[in-house]
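All values reported here derive from a predicted model rather than from experimental measurement. Because only heavy atoms are used, hydrogens play no part in the values below, and waters and symmetry mates are left out as well, while side chains stay in.
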Amino acid sequence: MENVAFFLHILGVMLFVAGIVVAGAAFEAARRRQRPSEIALLLGLTRVGVALVAVGTVLAGVFGLWLVHLGKWGYGSGWVDASIALFILVLALGGLGGRRPKEARLLASRLAEQDAPSDGELRRLLDDRVSRADNYGSLLLVVVIVALMCFKP
């Protein structure tokens with residue numbers, strides 16, 4: 001059973017990371033566009049990334065906890081507790097960081113439907129520093145979690 005739990009945990013982690021990469025790449029590509037229709041299309045791709053993150057979260061979380069139960073490590077192990085806490089923080093930061101891109105997607109879609117040019121509000125949403133810091137911060141924490149999982153200090 002441990003091999004099954006490990007396989008599904010790793011599959012979840014891969015989906016989680018792939019989702020972050022898809023959403024991040026689509027968002028950064030959208031930031032470099034001017035036409036609302038292109039921005040809306042690229043930000044629409046971030047929804048695929050968010051779906052992958054959601055599935056990966058469930059798989060990595062459930063099967064990661066099951067691995068702790070099955071394995072020789074307990075919830076008292078520092079790296080396990082730190083990984084769980086960081087994972088919760090990653091989800092919170094990612095949720096906060098995704099608000100502005102979602103607003104930008106909705107605004108870009110409205111502008112594209114009206115065949116209107118990009119406006120300052122759309123650019124402000126795309127260039128929001130707090131949102132970008134939340135997203136890049138969550139990515140950095142994912143790297144820390146992967147290091148904790150690999151090295152188990």
Side-chain angles (χ1 to χ4, degrees), residues 1-33 38-110 120-153:
M1 290 312 295
E2 193 170 340
N3 286 337
V4 171
F6 182 69
F7 171 77
L8 291 171
H9 176 67
I10 295 300
L11 178 63
V13 170
M14 290 184 339
L15 289 172
F16 185 81
V17 171
I20 291 171
V21 170
V22 167
F27 175 72
E28 288 300 328
R31 287 187 63 240
R32 287 161 176 73
R33 300 293 193 266
E38 292 175 341
I39 293 169
L41 176 68
L42 288 165
L43 291 179
L45 292 175
T46 64
R47 298 171 84 184
V48 173
V50 170
L52 289 172
V53 167
V55 172
T57 296
V58 172
L59 288 175
V62 168
F63 292 103
L65 294 175
W66 190 24
L67 276 173
V68 172
H69 176 74
L70 292 174
K72 56 189 170 215
W73 306 284
Y75 291 105
S77 299
W79 69 272
V80 171
D81 294 341
S83 296
I84 292 170
L86 290 175
F87 190 63
I88 292 168
L89 184 58
V90 163
L91 295 176
L93 285 174
L96 291 172
R99 286 181 174 172
R100 296 290 186 245
K102 180 180 179 180
E103 292 175 29
R105 178 179 54 81
L106 295 173
L107 177 57
S109 295
R110 282 194 305 272
E121 176 66 12
L122 180 57
R123 188 55 38 202
R124 185 187 65 76
L125 290 169
L126 290 171
D127 293 337
D128 184 70
R129 289 179 188 228
V130 174
S131 179
R132 290 175 58 209
D134 287 343
N135 285 322
Y136 283 109
S138 68
L139 176 62
L140 178 63
L141 292 177
V142 167
V143 172
V144 171
I145 293 170
V146 170
L148 287 171
M149 294 289 145
C150 290
F151 299 113
K152 299 173 183 56

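How far CG of Leu126 is from OG of Ser131: 9.5 Å, rounded to the nearest 0.5 Å. The CG atom of Leu70 lies 11.0 Å from the CG atom of Leu65; values are rounded to the nearest 0.5 Å. The CD1 atom of Ile145 sits 10.0 Å away from the CG atom of Leu140 when rounded to the nearest 0.5 Å. One distance of note links CG of Leu125 with CD1 of Ile39; it measures 10.5 Å at 0.5 Å rounding.
Considering Val55, Val53, Ile10 as possible partners of Leu15, the one that fulfils the side chain to side chain contact (heavy atoms under 4.5 Å, CB included) test is Val55.
Screening residues 74-89 for side-chain hydrogen bond (donor to acceptor under 3.5 Å, both in side chains), with sequence neighbours left out, gives no hits. Listed by first then second residue, pairs satisfying ring-ring contact (aromatic ring centres under 6.0 Å, His included) with a partner in residues 43-63 read Phe63-Trp66, not counting sequence neighbours.
Two residues are said to be in side-chain contact when any heavy atoms from C-beta on lie closer than 4.5 Å; Leu45 and Leu42 meet this criterion.
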Test Leu122 against Arg110 for side chain to side chain contact (heavy atoms under 4.5 Å, CB included), laying out the working first. CA-CA 11 Å; Leu122 180 57; Arg110 282 194 305 272; over 6 Å; no
Going through the checks in order, is the side chain to side chain contact (heavy atoms under 4.5 Å, CB included) test met by Phe87 and Val142? CA-CA 7 Å; Phe87 190 63; Val142 167; over 6 Å; no
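Residues forming a side-chain contact (heavy atoms from CB on, under 4.5 Å) with Val58 (at least two apart in sequence, or on another chain): Val62. Every side-chain contact (heavy atoms from CB on, under 4.5 Å) that Val144 has, sequence neighbours left out, goes to Leu86, Leu148.
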In residues 91-109, what donor-acceptor pairs under 3.5 Å come from side-chain atoms, sequence neighbours left out?
| unit_1 | atom_1 | unit_2 | atom_2 | d |
| --- | --- | --- | --- | --- |
| Arg100 | NH1 | Glu103 | OE2 | 3.1 |
| Ser109 | OG | Arg105 | O | 2.9 |

Contacts under 3.5 angstrom, residues 16-28 side chains, donor-acceptor by atom type, not counting sequence neighbours:
| unit_1 | atom_1 | unit_2 | atom_2 | d |
| --- | --- | --- | --- | --- |
| Glu28 | OE1 | Arg31 | NH1 | 3.0 |
| Glu28 | OE1 | Arg32 | NH1 | 3.0 |
| Glu28 | OE2 | Tyr136 | OH | 2.8 |

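Atom CZ of Arg47 sits in a sparse spot, with 12 or fewer heavy atoms from other residues, nucleotides or ligands closer than 6.0 Å.
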